[in-house]
2 protein chains.
Amino acid sequence: MKQRLAAIGTVEALPHRVAAFLSREIESGDLNPGTLLPTEQQLSEKFGVSRNVVREAIAQLRADGMVEARQGIGSFVLAPEQRASIRIDRETLKEGQNMERLFELRCILEAESAALAAERRDQEHLDAIKAALDRMSGEERWEDGSIDADLLFHREIARATGNSYIHTFISFVCEQIRRSIYYARQTNPLHDLVEVNVGEHVRIYEALVAGDPAAAEAAMRAHIIGAADRVGVKLPLRTQRTEEGK
Amino acid sequence: MKQRLAAIGTVEALPHRVAAFLSREIESGDLNPGTLLPTEQQLSEKFGVSRNVVREAIAQLRADGMVEARQGIGSFVLAPEQRASIRIDRETLKEGQNMERLFELRCILEAESAALAAERRDQEHLDAIKAALDRMSGEERWEDGSIDADLLFHREIARATGNSYIHTFISFVCEQIRRSIYYARQTNPLHDLVEVNVGEHVRIYEALVAGDPAAAEAAMRAHIIGAADRVGVKLPLRTQRTEEGK
DNA sequence: CAAATCAAGTTGTAGGATGATATGTATAAC
DNA sequence: GTTATACATATCATCCTACAACTTGATTTG
């Protein structure tokens, strides 16, 4: 009774697919903490892969602190309290549609971040944001320095919210996106370098200076959508956005 | 020319010892970024272990984002900037933070999550959410089973967005809040147990069934604000929310 | 000279064999 | 009857060989 692993278009390593499957089962609660995973033999037969593949998958789960293997017994599912971290690894990032999802998450976080920053920013924050903006304007093309300045711009806005959780999460998401862009450029050097749209950033900055949360949110949302578009990602938009909060 | 791995008193798994050795070589700069690791065959001979052990060790390094393996070539050492696997560990998030900021982030993520879920959910998602809701209704007080059901309810909604990043982030934030509540109850057992407001959850569920993103978002926002209030956290609200998107 | 082909090297996967470790069971001793 | 030992079983840990898939560079061929 073999079970087909989701066969996405992208070529993906088998161990990662198995690990992702088990990981989802644990996350969704199908495998409660404390329970024993099926034996390597059973998993091997269930997924139709060799035990080596299963072992590598379990090793990955163990590295993430999701299970604990004990010789002669099996692998136990650990409670979420023991989970060490959030991790988005390179393989996951390469999966199709993941860029789209990442941008979607970024849009949610940054739009709200911009609105909060517009309400809570002080002069020191504005100065830091302006400095990043100036650094960005120095470069026309999407080069390393420009990318860093762009990243800094967004992080400074997140910092201006006064909520370090938001700052941490946005930094993380931005890093993921930046690295995937690096990677895409590395594997396909002919790919056109994406230009940084300075104008979009200026509009965000102006809204922050004006202390207008709605304008800041709208400008940021437009910017993220534009940025996604420039790397070939069409962001699925919510159909009823304008009606919210009525 | 075999090389002895450090034989510590503790019995440690072979792959972990190999990974630790290579990891130290990379960290110390003996293996510069961009260079190719020795082949699995060579490492196998060097350490006197099987190729499987070497493979598991490299898989661990890859999971940590230190190397990238490419079939037919070898494993490249990555620069720290290129490392695609980032951990947001609890220590980082715990530094001088408070519940207020955590709830603020949760509100941002979950409100949008509910709206997206209302647009994208299918019957399987609704069934899973309903199941969590039923489990929750069984308990009147904020007890362990009820907390788990509550958590599951929110995670299932996040899953219904189809965006695994949102799911991951929300799970993480919920887990943080749950642990804080556990801790508060442990240190102060006299503290009144907070009741789960089933009604708020029902309203969210109904909006999801109706496929109404705006209603789902509003219900979720009200719920998070209410939940924060019940644990003594006053959520700072944005002043201009209703005007957004004009 | 250019393009197609081939050969060698490397990682990825398959599948079995053996050792190490934990658990349950049956037998023997008291 | 109870306890203790030995054995059988199940499982992970490691090792081994073989083949498939992929990359690179040399060779051959037109």
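Per chain, numbering begins at 1; letters A, B, ... match sequence-line order.
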Give a yes or no answer on whether the side chain of Gln60(A) reaches the backbone of Ala57(A) with a donor-acceptor pair at less than 3.5 Å.
no

dA13(D) phosphate, OP1 or OP2, under 4.0 Å from Arg55(A) side-chain N/O:
yes

Check: protein-nucleotides 4-9 of chain C nitrogen or oxygen pairs below 3.5 Å:
from   : atom 1 : to       : atom 2 : distance (Å)
dG9(C) : N2     : Gly72(B) : O      : 3.4

Would you call Arg159(B) and Glu156(B) a salt bridge, using N to O less than 4.0 angstrom?
yes

Check the phosphate of dT13(C) against Ser50(A), side-chain N and O only, distance under 4.0 Å to OP1 or OP2. Yes or no?
no

Interatomic distance where CG belongs to Leu43(A) and C1' belongs to dC12(D) [whole Å]:
13 Å

Rounded to whole Å, how long is the line connecting atom CD of Glu45(A) with atom C1' of dG16(C)?
14 Å

Check: Asn52(A) side chain, dG12(C) base, donor-acceptor under 3.5 Å:
no

Sequence neighbours excluded, the answer for ring pair (Phe, Tyr, Trp, His ring centres under 6.0 Å) partners of His167(B) is none

Pair Arg120(B)-His125(B), side-chain donor/acceptor within less than 3.5 Å:
no

Within the distance-only criterion (no hydrogens, no angle test), does the side chain of Ser44(B) pair as donor or acceptor with the backbone N or O of Val49(B) below 3.5 angstrom?
yes

To the nearest Å, give me how far apart CZ (Arg51(B)) and C1' (dC15(D)) are.
13 Å

Closer than 4.0 angstrom, basic N to acidic O: yes or no for Arg51(B) and Glu40(B)?
yes

So that I can tick it off, tell me whether Glu68(B) and Arg62(B) are bridged by a salt bridge, with the cut-off set at under 4.0 angstrom between side-chain N and carboxylate O.
no

Short side-chain N/O contact to dA13(D) OP1/OP2 from Arg62(A), under 4.0 Å:
yes

Value in whole Å for how far the P atom of dT11(C) lies from CG of Leu61(B)
13 Å

Whole-Å gap separating C1' (dA10(D)) and CD (Glu40(A)):
12 Å

To the nearest angstrom, how far is His16(A) atom NE2 from dG12(C) atom P?
14 Å

Asn52(B) and Glu56(B) side chains, donor-acceptor separation under 3.5 Å:
no

Gln41(A) atom CD is separated from dG16(C) atom P, nearest whole Å, by 8 Å

Answer yes if the side chains of Gln41(A) and Glu45(A) hold a donor-acceptor pair under 3.5 Å, and no otherwise.
yes

Go through dA13(D), dA14(C), dT11(C) for me and flag the one nearest to the Val49(A) side chain.
dA14(C)

Terminal axes of the helix from dC1(C)-dG30(D) to dC30(C)-dG1(D) (five pairs each): angle between them, nearest 10 degrees
20°

Leu14(B) CG - dG19(C) C1' separation (whole Å)
13 Å

